[in-house]
Each structure stands twice: as C-alpha cells, then as structure tokens.
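All remarks here apply to the structure that follows.
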Amino acid sequence: MKRPHTHEAAKGAEICEECYVDLPFSSRFIDQLIEWDPRGIFHFIGERLCNDTFNESPRRVINRFCPDLSDFTEIDFGSGLGQLSPFFFERGAKHVILAEIDDKLLELSRTYMGDLGHSGDCTYLLVEEGDELAGIEDGSIDLIVASEVFEHI
C-alpha cells in the first residue's frame, strides 16, 4: 500500500524530505517491491519510493571507499535490491555480479538494474547454503563488497 511517509520522531517533520528519491523505478519494480515488503520497510511519497537505501548515502560510501573502479568486475554479496550497483557503474565498473540468497530480492535487483539500463552489465547469482561458487573463475573478480551482510550471519 502506498502511503505518505513521515519522520516525526526523528526529525519532527510532517513529510520526509531528506530521504525523498526520484529514481526511474518502473511500475513492475514497485509492484514487486510492495509484494516482497509486506512489513512496510519501504514507504512512498505519492508515487515515489522514499527510503534512505536509494539516496546519496550509498553513493558517498562507494565514492569514499571505491574512488576508481575503472574496468573492474565487482561482486556484491548480499546485494539485496541492487541499490549499490548503479554507484559501482558510476565509478567505472564494467561488470557487477549481484549475489543474493533470496530469489525474490535477486529478481527485484534484476528489474531495478534493467530499469537503469544495466541489465547487460550484470550477472545475477542465487547463492545457496554450501555453495562453493565454483562457477567464478580464479582471478576474475577485482572487488568484493558485502555491505549490510555480516549482521545476518
């Protein structure tokens, strides 16, 4: 259900302006997200997705710790919705492998990256317990990122 989002407790504001985002989410992505997120982690202002996950914070982190990814192949373990991947491409990555244990999240990330025009630059890897990741060749990965992962292990 789409509803206004507020941060009264934290900001004392009527409407959250700080985490307002305007990214090219397709209606398919939004529908998939609403189906996946029955707890209401993600909120909407009108038709626009509102959540800190997609704002400038991820861009700042990638810019700080990954200043130049020119021609890198990067693997994002626990990629979630794929929210970091656009910022890897902004820094010059040529290919991103999104690795996730949740098949619905992986499908959401596939839709999201397709919406951004990066579907051909990504590989989607469903990781199952006990996987040895034998399909990834030695020396083929330049950077491994596991953001927001370790607290789930």
Side-chain angles (χ1 to χ4, degrees), residues 1-3 5 7 9-10 16 18-21 23-44 48-153:
M1 169 190 296
K2 297 179 183 178
R3 58 191 177 276
H5 173 55
H7 280 286
C16 171
E18 210 165 290
C19 61
Y20 181 89
V21 294
L23 296 175
F25 297 111
S26 67
S27 59
R28 179 174 180 232
F29 177 81
I30 297 297
D31 290 343
Q32 287 175 312
L33 184 64
I34 291 169
E35 181 182 326
W36 176 82
D37 181 31
R39 296 172 295 154
I41 295 168
F42 295 91
H43 304 281
F44 296 85
R48 296 187 178 193
L49 181 62
C50 174
N51 186 280
D52 288 332
T53 302
F54 292 98
N55 74 4
E56 288 297 309
S57 180
R59 175 181 276 127
R60 282 193 303 272
V61 170
I62 299 304
N63 287 349
R64 180 176 178 195
F65 294 106
C66 308
D68 182 14
L69 301 177
S70 295
D71 296 322
F72 273 39
T73 294
E74 185 273 332
I75 187 165
D76 185 0
F77 276 105
S79 58
L81 298 167
Q83 62 268 29
L84 293 179
S85 296
F87 305 118
F88 295 130
F89 288 117
E90 281 183 8
R91 305 308 300 159
K94 69 176 176 185
H95 192 80
V96 175
I97 300 169
L98 294 94
E100 178 58 57
I101 63 169
D102 184 325
D103 59 339
K104 290 185 180 179
L105 277 176
L106 201 60
E107 190 58 34
L108 273 161
S109 66
R110 184 185 310 269
T111 301
Y112 178 53
M113 294 312 294
D115 289 350
L116 297 176
H118 289 295
S119 58
D121 304 319
C122 297
T123 300
Y124 304 91
L125 181 62
L126 182 63
V127 179
E128 297 182 12
E129 188 173 336
D131 272 355
E132 294 182 22
L133 305 176
I136 298 177
E137 294 181 36
D138 286 345
S140 65
I141 305 297
D142 300 298
L143 176 69
I144 300 170
V145 173
S147 176
E148 308 282 336
V149 171
F150 290 105
E151 68 269 24
H152 299 287
I153 298 175

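No experiment lies behind these values; they were computed from the predicted model shown.
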- request: Find the distance between CZ (F65) and CG (L143) and round it off to the nearest 0.5 Å.
  value: 12.0 Å

- request: Would you list the pairs meeting salt bridge (charged side-chain N to carboxylate O under 4.0 Å, His left out) in which at least one residue belongs to residues 102-113, sequence neighbours left out?
  value: R28-E107, E107-R110

- request: List in chain and number order the residues that pass side chain to side chain donor-acceptor pair (under 3.5 Å) with D121, two or more places apart in sequence or in another chain; answer none if no residue qualifies.
  value: H118

message: Using every non-hydrogen atom in the two residues, find where M113 and G82 come nearest and quote the distance to one decimal.
response: SD-O, 4.0 Å

- request: Taking side chain to side chain contact (heavy atoms under 4.5 Å, CB included) as the test, write out the residues that go with R91, two or more places apart.
  value: I62, N63, P67, L69

Pairing residues for E100 by the side chain to side chain donor-acceptor pair (under 3.5 Å) criterion, not counting sequence neighbours: none

message: How close do S119 and G114 get, counting heavy atoms only, and between which atoms?
response: CB-CA, 3.9 Å

Set of salt bridge (Lys or Arg N to Asp or Glu O under 4.0 Å) partners for E90, sequence neighbours left out: R59

query: Does the side chain of F89 reach to within under 4.5 Å of the side chain of L116, using non-hydrogen atoms?
result: no

- line: Across all chains, not counting sequence neighbours, the side chain to side chain contact (heavy atoms under 4.5 Å, CB included) partners of I141 are T73, I75, I97, I136, I144

field: Where P86 and Y112 come nearest, the two heavy atoms and their spacing
entry: CG-OH, 3.7 Å

query: When you look at CD1 of I101, are more than 12 heavy atoms from neighbouring residues, nucleotides or ligands closer to it than 6.0 Å?
result: no

Any side-chain heavy-atom pair of L108 and L105 under 4.5 Å: yes

- prompt: Under the side chain to side chain contact (heavy atoms under 4.5 Å, CB included) test, which residues partner E129, sequence neighbours left out?
  reply: none

- request: Only counting residues at least two apart or in another chain, list the ones meeting side chain to side chain donor-acceptor pair (under 3.5 Å) with D71.
  value: none

statement: For G80 and S109 the tightest heavy-atom approach is O-CB, 3.7 Å

query: Looking only at heavy atoms, which two atoms of L106 and S79 are closest? And how far apart?
result: CD1-OG, 4.4 Å

- prompt: Taking only residues two or more places apart in sequence or in another chain, which ones pass side chain to side chain donor-acceptor pair (under 3.5 Å) with S70?
  reply: D68

